Amino acid sequence: MNIDGTLVAKKLRDKLAVEITEFKSCHGIQPSLTVLLVGEDSASHIYVKNKVKKTQEIGMISNEIKLPFNTSQGYLLSQLEKLNNDNSIHGILVQLPLPKHIDESAIISAINPNKDVDGFHAINSGRLFNGESEAIVPCTPQGCVMLVKQHLGDDLSGKHAVVIGRSNIVGKPVAMLLLQENCTVTIAHSQTINLPEVCQQADILVVAVGIAKFVKAAWVKEGATIIDVGINRILTDEGKKKLVGDVDYDAVIAKCGAITPVPGGVGPMTIACLLKNTLTAAKNSLR
Ligand code: GUN
């Protein structure tokens, strides 16, 4: 069966919309998110447009700062400093990837950790690593765990979770979250030996590798819960453009217990969790 990320995300947004209305009437403050976009990457422009639209729809302020490809690192840092010091801005997101002449980690480190709604700052990764509740948790991993719970319920204790991928954005944080949920966690990656056998152990399989249809049905344990983080654009045999995940969905659906489709799985959850993090940042700004 499918895990319907579009539906779970809608329910989360509906809940957040109520909380945002309450927050505004209680404190007279409207939560706000500023997104910085550098350069012309077309996928990034689509993602940012969608983030801005969803932020406004839910009743928060969304500012978008579009900068040209040749923006210097110094200028971007100066913009961040202004936003960090502006009390009316609760969330800051710098869309990645940045142009190659800009050092991404220097930019992420320059965001005020309390406004870092992506949860990418080392302070937030450290808080997550330490299991501290103040951590702002990266959006996609948060969404992945919510989708697992949607199918398996809230108690994941003792489940063997295999995460394929070790990025700072998905693999490592999702592994930390699953560990907090008392799963036994294996992080697999491009150098893992016997990857199919490792995957066959998984009650929960999270795949974030960026390779279309990478995980085959033979790798999947009967009844497993599969979260497919991949978004890959491919051409079909008929020459049509299609979005597919990192899992060979058509073959795996009959064998697994539940799987997130692409599109309509993890993607909508990422934005919903960004809205959640922005509201949390606004609430924390009052403390
Ligand atoms: N580019 C692709 N995904 C993301 C994300 O979650 N946050 C940011 N800032 N950039 C991205």
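Quick caveat: nothing in here was measured; it's all calculated off a predicted structure. We count residues from 1, following the sequence as given. Atoms within each ligand, like the ligands themselves, are counted from 1 in listed order.
More than 12 heavy atoms of other shown residues, nucleotides or ligands fall within 6.0 angstrom of atom CD in Gln56.
Checked for salt-bridge contact, Glu64 and Lys66 meet the test: a charged N lies under 4.0 Å from a carboxylate O. Of the charged side-chain nitrogens involved, at least one lies within less than 4.0 Å of a carboxylate oxygen, so that Glu19 and Lys283 count as a salt-bridged pair. Under a 4.0 Å N-O distance rule, the pair Lys221/Asp203 qualifies as a salt bridge.
Judged as a salt bridge (Lys or Arg N to Asp or Glu O under 4.0 Å), the pairs with a partner in residues 142-164 (not counting sequence neighbours) are, in order, Lys149-Glu181.
Counted by atom type alone, His160 and Thr186 present one or more donor-acceptor pairs between their side chains at under 3.5 Å.
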Can you pull every nitrogen or oxygen pair between ligand 1 and the protein closer than 3.5 angstrom?
| from | atom 1 | to | atom 2 | distance (Å) |
| --- | --- | --- | --- | --- |
| ligand 1 | 1 (N) | Gln95 | NE2 | 3.2 |
| ligand 1 | 1 (N) | Leu96 | O | 2.9 |
| ligand 1 | 7 (N) | Asp118 | OD1 | 3.1 |
| ligand 1 | 7 (N) | Asp118 | OD2 | 3.3 |
| ligand 1 | 9 (N) | Val94 | O | 2.8 |
| ligand 1 | 9 (N) | Asp118 | OD2 | 2.6 |
| ligand 1 | 10 (N) | Leu96 | N | 3.0 |

